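Keep in mind the model is a prediction, meaning the values are calculated, not measured.
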Amino acid sequence: MGLQLGDTAPDFEAETTEGHIHFHDWIGDSWAVLFSHPKDFTPVCTTELGYMAKVKPEFDRRDVKIIGLSVDSAGVAPNYPLIGDPHLTVAKLYGMLPAGAGSQAQGRTPMDNQTVRNVFVIAPDKTIKLILVYPMTTGRNFDEVLRVIDSLQLTAEHKVATPANWQQGDDVIIAGSVSDDQAKEIFGDWEAPRPYIRIVPQPKETAKV
(Lines give C-alpha, C1' and ligand atoms only; values in the text may rest on other atoms or scores of the structure.)
Protein backbone atom coordinates (compact mmCIF):
# COMPACT_ATOMS: atom_id res chain seq x y z
CA MET A 1 0.00 0.00 0.00
CA GLY A 2 1.25 3.49 -0.85
CA LEU A 3 1.65 6.36 1.53
CA GLN A 4 -1.55 7.70 3.05
CA LEU A 5 -2.50 10.89 4.85
CA GLY A 6 -1.44 10.61 8.47
CA ASP A 7 1.49 8.30 7.71
CA THR A 8 4.93 9.28 8.91
CA ALA A 9 6.90 10.71 6.01
CA PRO A 10 9.75 8.27 5.28
CA ASP A 11 13.10 9.53 6.50
CA PHE A 12 16.16 9.36 4.28
CA GLU A 13 19.64 10.71 3.74
CA ALA A 14 20.48 12.42 0.47
CA GLU A 15 22.80 14.81 -1.27
CA THR A 16 21.22 18.14 -2.15
CA THR A 17 22.32 21.36 -3.77
CA GLU A 18 22.82 22.66 -0.22
CA GLY A 19 24.72 19.65 1.10
CA HIS A 20 24.00 16.30 2.73
CA ILE A 21 20.76 16.05 4.72
CA HIS A 22 18.84 13.71 7.01
CA PHE A 23 15.32 14.58 5.92
CA HIS A 24 13.60 14.57 9.32
CA ASP A 25 16.44 16.57 10.86
CA TRP A 26 16.25 19.02 7.96
CA ILE A 27 12.52 19.56 8.59
CA GLY A 28 13.13 20.16 12.29
CA ASP A 29 10.14 21.88 13.93
CA SER A 30 8.89 23.42 10.69
CA TRP A 31 6.34 22.38 8.10
CA ALA A 32 7.75 21.13 4.81
CA VAL A 33 6.79 20.70 1.16
CA LEU A 34 8.52 17.98 -0.85
CA PHE A 35 7.76 18.17 -4.56
CA SER A 36 9.21 15.88 -7.18
CA HIS A 37 9.83 16.09 -10.89
CA PRO A 38 10.77 13.38 -13.37
CA LYS A 39 13.96 14.84 -14.81
CA ASP A 40 15.90 18.08 -14.97
CA PHE A 41 15.23 20.54 -17.77
CA THR A 42 11.76 19.41 -18.82
CA PRO A 43 9.51 22.32 -19.88
CA VAL A 44 6.66 22.05 -17.36
CA CYS A 45 8.97 21.26 -14.46
CA THR A 46 11.18 24.21 -15.33
CA THR A 47 8.21 26.57 -14.94
CA GLU A 48 7.35 24.94 -11.62
CA LEU A 49 10.87 25.21 -10.23
CA GLY A 50 10.92 28.87 -11.21
CA TYR A 51 7.53 29.63 -9.70
CA MET A 52 8.48 27.99 -6.41
CA ALA A 53 11.58 30.17 -6.29
CA LYS A 54 9.37 33.22 -6.85
CA VAL A 55 6.88 32.38 -4.09
CA LYS A 56 9.39 31.01 -1.58
CA PRO A 57 8.88 34.09 0.66
CA GLU A 58 5.23 33.05 1.05
CA PHE A 59 6.30 29.63 2.31
CA ASP A 60 8.93 31.22 4.56
CA ARG A 61 6.23 33.45 6.10
CA ARG A 62 4.29 30.33 7.06
CA ASP A 63 7.39 28.59 8.50
CA VAL A 64 7.34 26.06 5.66
CA LYS A 65 10.54 24.69 4.19
CA ILE A 66 10.45 23.67 0.53
CA ILE A 67 12.63 21.08 -1.14
CA GLY A 68 12.58 19.64 -4.63
CA LEU A 69 13.36 16.08 -5.70
CA SER A 70 14.90 15.36 -9.08
CA VAL A 71 15.07 11.81 -10.41
CA ASP A 72 18.38 12.85 -11.87
CA SER A 73 21.39 14.72 -10.58
CA ALA A 74 20.72 17.58 -8.21
CA GLY A 75 20.85 20.08 -11.09
CA VAL A 76 21.07 23.83 -10.76
CA ALA A 77 20.16 25.25 -7.35
CA PRO A 78 17.28 27.74 -7.09
CA ASN A 79 16.78 29.51 -3.73
CA TYR A 80 15.80 26.25 -2.03
CA PRO A 81 17.50 22.84 -2.00
CA LEU A 82 17.08 20.19 -4.67
CA ILE A 83 17.60 16.52 -3.86
CA GLY A 84 19.50 14.50 -6.42
CA ASP A 85 18.04 10.98 -6.65
CA PRO A 86 20.29 9.26 -9.21
CA HIS A 87 19.57 5.79 -7.78
CA LEU A 88 15.79 6.40 -7.53
CA THR A 89 15.94 5.73 -3.80
CA VAL A 90 13.67 8.54 -2.62
CA ALA A 91 11.23 8.17 -5.52
CA LYS A 92 10.72 4.52 -4.57
CA LEU A 93 10.58 5.26 -0.84
CA TYR A 94 7.71 7.67 -1.46
CA GLY A 95 5.88 5.28 -3.79
CA MET A 96 6.37 7.31 -6.95
CA LEU A 97 8.22 4.54 -8.77
CA PRO A 98 7.79 0.78 -8.41
CA ALA A 99 10.46 -1.33 -6.74
CA GLY A 100 11.27 -2.89 -10.12
CA ALA A 101 12.08 0.44 -11.77
CA GLY A 102 15.81 -0.25 -11.57
CA SER A 103 18.44 1.59 -9.60
CA GLN A 104 19.82 4.15 -12.03
CA ALA A 105 18.32 7.41 -13.27
CA GLN A 106 20.84 7.51 -16.08
CA GLY A 107 19.23 6.53 -19.37
CA ARG A 108 15.68 6.99 -18.14
CA THR A 109 13.44 9.44 -19.97
CA PRO A 110 10.88 11.82 -18.47
CA MET A 111 8.20 9.43 -19.71
CA ASP A 112 9.84 6.59 -17.78
CA ASN A 113 9.49 8.76 -14.67
CA GLN A 114 6.10 10.27 -15.43
CA THR A 115 4.67 9.18 -12.06
CA VAL A 116 7.25 11.30 -10.22
CA ARG A 117 4.93 14.33 -10.10
CA ASN A 118 3.89 14.44 -6.44
CA VAL A 119 3.56 17.15 -3.83
CA PHE A 120 3.75 16.17 -0.16
CA VAL A 121 2.97 18.56 2.70
CA ILE A 122 4.54 17.35 5.93
CA ALA A 123 3.73 18.67 9.42
CA PRO A 124 6.30 19.34 12.16
CA ASP A 125 5.45 15.95 13.70
CA LYS A 126 6.63 14.43 10.36
CA THR A 127 3.19 13.15 9.36
CA ILE A 128 1.92 13.59 5.81
CA LYS A 129 -0.97 16.06 5.64
CA LEU A 130 -1.44 16.42 1.87
CA ILE A 131 -0.58 14.36 -1.21
CA LEU A 132 -1.17 15.77 -4.69
CA VAL A 133 -0.30 13.96 -7.92
CA TYR A 134 -0.24 15.77 -11.26
CA PRO A 135 0.19 14.52 -14.83
CA MET A 136 3.29 15.58 -16.76
CA THR A 137 1.31 17.87 -19.05
CA THR A 138 -0.29 19.94 -16.25
CA GLY A 139 1.74 22.39 -14.23
CA ARG A 140 1.15 22.26 -10.52
CA ASN A 141 -0.82 24.95 -8.70
CA PHE A 142 1.43 25.97 -5.83
CA ASP A 143 -0.95 28.76 -4.83
CA GLU A 144 -3.38 25.94 -3.96
CA VAL A 145 -0.65 24.29 -1.88
CA LEU A 146 -0.28 27.55 0.05
CA ARG A 147 -4.06 27.71 0.54
CA VAL A 148 -4.12 24.18 1.92
CA ILE A 149 -1.21 24.94 4.25
CA ASP A 150 -3.12 27.95 5.59
CA SER A 151 -6.04 25.63 6.31
CA LEU A 152 -3.86 22.92 7.84
CA GLN A 153 -2.10 25.34 10.15
CA LEU A 154 -5.35 26.99 11.19
CA THR A 155 -7.19 23.74 11.88
CA ALA A 156 -4.21 22.29 13.74
CA GLU A 157 -4.43 25.15 16.23
CA HIS A 158 -8.18 25.70 16.48
CA LYS A 159 -11.22 23.45 16.58
CA VAL A 160 -12.45 24.50 13.15
CA ALA A 161 -12.62 23.26 9.56
CA THR A 162 -12.52 25.26 6.33
CA PRO A 163 -15.32 25.18 3.73
CA ALA A 164 -15.05 24.79 -0.03
CA ASN A 165 -12.85 27.40 -1.74
CA TRP A 166 -11.88 28.90 1.63
CA GLN A 167 -9.21 31.59 1.56
CA GLN A 168 -7.18 33.12 4.39
CA GLY A 169 -9.46 35.44 6.38
CA ASP A 170 -12.76 33.85 5.30
CA ASP A 171 -15.27 32.46 7.77
CA VAL A 172 -14.72 28.93 9.04
CA ILE A 173 -16.83 26.06 10.33
CA ILE A 174 -16.80 24.88 13.94
CA ALA A 175 -15.50 21.30 13.99
CA GLY A 176 -18.12 18.59 14.31
CA SER A 177 -16.30 17.15 17.33
CA VAL A 178 -17.18 20.29 19.32
CA SER A 179 -20.54 20.22 21.11
CA ASP A 180 -22.81 23.26 21.10
CA ASP A 181 -22.02 23.91 24.76
CA GLN A 182 -18.28 23.76 24.08
CA ALA A 183 -18.70 25.95 21.01
CA LYS A 184 -20.47 28.63 23.07
CA GLU A 185 -17.52 28.71 25.46
CA ILE A 186 -14.93 28.87 22.70
CA PHE A 187 -16.61 30.91 19.97
CA GLY A 188 -19.68 32.58 21.46
CA ASP A 189 -22.40 32.94 18.82
CA TRP A 190 -22.40 31.47 15.33
CA GLU A 191 -24.48 31.38 12.17
CA ALA A 192 -26.14 28.06 11.32
CA PRO A 193 -27.55 27.79 7.78
CA ARG A 194 -27.96 24.10 8.58
CA PRO A 195 -28.09 22.49 12.06
CA TYR A 196 -24.78 20.77 11.37
CA ILE A 197 -22.99 23.81 9.86
CA ARG A 198 -21.89 26.37 12.46
CA ILE A 199 -20.10 29.32 10.87
CA VAL A 200 -17.80 31.70 12.74
CA PRO A 201 -15.13 34.23 11.75
CA GLN A 202 -11.61 32.89 11.37
CA PRO A 203 -9.67 33.17 14.64
CA LYS A 204 -7.61 36.29 14.06
CA GLU A 205 -4.49 35.36 16.03
CA THR A 206 -3.70 32.50 13.65
CA ALA A 207 -3.55 34.57 10.47
CA LYS A 208 0.09 34.77 9.28
CA VAL A 209 -0.35 36.56 5.95
Side-chain angles (χ1 to χ4, degrees), residues 1-11 23-24 26-36 48 51-69 80 94-96 115 117-135 138-209:
M1 181 182 292
L3 291 172
Q4 305 292 319
L5 298 184
D7 287 351
T8 298
D11 197 12
F23 188 50
H24 282 192
W26 178 82
I27 294 173
D29 295 326
S30 300
W31 290 72
V33 172
L34 169 65
F35 70 104
S36 60
E48 294 171 335
Y51 189 76
M52 281 295 267
K54 179 181 176 181
V55 299
K56 182 178 181 292
E58 294 298 323
F59 288 92
D60 292 341
R61 192 171 296 136
R62 294 162 171 82
D63 191 27
V64 180
K65 296 180 177 180
I66 57 177
I67 191 165
L69 169 70
Y80 52 86
Y94 276 74
M96 294 179 280
T115 55
R117 294 279 295 148
N118 290 24
V119 180
F120 298 91
V121 173
I122 301 165
D125 65 359
K126 313 305 184 289
T127 58
I128 296 172
K129 298 299 185 183
L130 176 73
I131 302 172
L132 296 174
V133 186
Y134 283 71
T138 302
R140 285 170 279 192
N141 186 341
F142 290 111
D143 291 337
E144 168 64 4
V145 176
L146 284 166
R147 188 189 77 88
V148 174
I149 288 170
D150 285 342
S151 174
L152 289 168
Q153 292 183 338
L154 175 70
T155 58
E157 185 174 347
H158 297 279
K159 296 181 183 298
V160 297
T162 57
N165 300 321
W166 175 86
Q167 298 288 338
Q168 181 70 256
D170 289 352
D171 289 347
V172 297
I173 299 170
I174 300 172
S177 59
V178 179
S179 70
D180 283 352
D181 287 342
Q182 292 172 323
K184 287 176 183 176
E185 292 182 13
I186 299 170
F187 301 101
D189 296 329
W190 59 81
E191 295 181 21
R194 296 287 187 274
Y196 51 89
I197 301 178
R198 299 167 294 175
I199 299 173
V200 293
Q202 176 184 327
K204 299 297 184 184
E205 65 272 18
T206 300
K208 298 181 179 180
V209 292

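- Of all non-hydrogen atoms in Met96 and Ser36, the two that sit nearest each other are SD-OG, 3.1 Å.
- With Arg147 contributing its side chain and Trp166 its backbone, the two residues share a donor-acceptor pair below 3.5 Å.
- Looking only at distances, a side-chain donor or acceptor of Thr155 sits under 3.5 Å from a matching main-chain atom of Ser151.
- Ring planes of Phe35 and Phe142: perpendicular class, angle over 60° (limits at 30 and 60°).
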Between Thr162 and Leu154, does a side chain to side chain contact (heavy atoms under 4.5 Å, CB included) hold up when you go through it step by step?
CA-CA 9 Å; Thr162 57; Leu154 175 70; 4.1 Å; yes

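- To the nearest 0.5 Å, atom CD1 of residue Ile27 and atom CD1 of residue Ile67 are 8.5 Å apart.
- Arg140 has its side chain within reach of Val119: a pair of non-hydrogen atoms, C-beta onward, lies under 4.5 Å apart.
- Between Gly2 and Asp7 the shortest heavy-atom distance is O-OD2, 4.2 Å.
- Every residue two or more places apart in sequence or in another chain that forms a ring-ring contact (aromatic ring centres under 6.0 Å, His included) with Tyr94 is listed here: Phe120.
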Distance-only donor-acceptor pairs under 3.5 Å for side chains of residues 172-191, two or more places apart:
from, atom 1, to, atom 2, distance (Å)
Ser179, OG, Gln182, N, 3.1
Ser179, OG, Gln182, OE1, 3.3
Asp180, OD1, Arg198, NH1, 2.9
Gln182, OE1, Ser179, N, 2.9

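- Of the possible donor and acceptor atoms, none in the side chain of Lys129 sits under 3.5 Å from a partner among the backbone N and O of Leu152.
- Interatomic distance, Gln202 CD to Lys204 NZ, rounded to the nearest 0.5 Å: 6.5 Å.
- Heavy-atom contacts from other residues, nucleotides or ligands closer than 6.0 Å to NZ of Lys159 number 12 or fewer.
- The structure places CZ of Phe23 at 9.5 Å from NZ of Lys126, a figure rounded to the nearest 0.5 Å.
- The main-chain N or O of Trp31 is never found under 3.5 Å from a side-chain atom of Arg62 such that the two would form a donor-acceptor pair.
- Residues Asp171 and Pro163 come closest through the heavy atom pair O-CD, 3.7 Å.
- Residues Leu3 and Pro10 have side chains in contact (heavy-atom distance under 4.5 Å, counting atoms from C-beta outward).
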Check against side chain to side chain contact (heavy atoms under 4.5 Å, CB included), His24 and Thr8
CA-CA 10 Å; His24 282 192; Thr8 298; 3.9 Å; yes

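- Rounding to the nearest 0.5 Å gives a distance of 12.5 Å between CD1 of Ile66 and OG of Ser30.
- For Tyr80 and Phe59, the distance between ring centers is not under 6.0 angstrom.
- Looking only at side-chain heavy atoms (C-beta outward), Leu132 and Val145 come within less than 4.5 Å of each other.
- The distance from the CG atom of Asp125 to the CG atom of Asp29 is 10.5 Å, given to the nearest 0.5 Å.
- Summarising the geometry, atom NZ belonging to Lys65 is positioned 12.0 Å from atom CD1 belonging to Ile122; distances are rounded to the nearest 0.5 Å.
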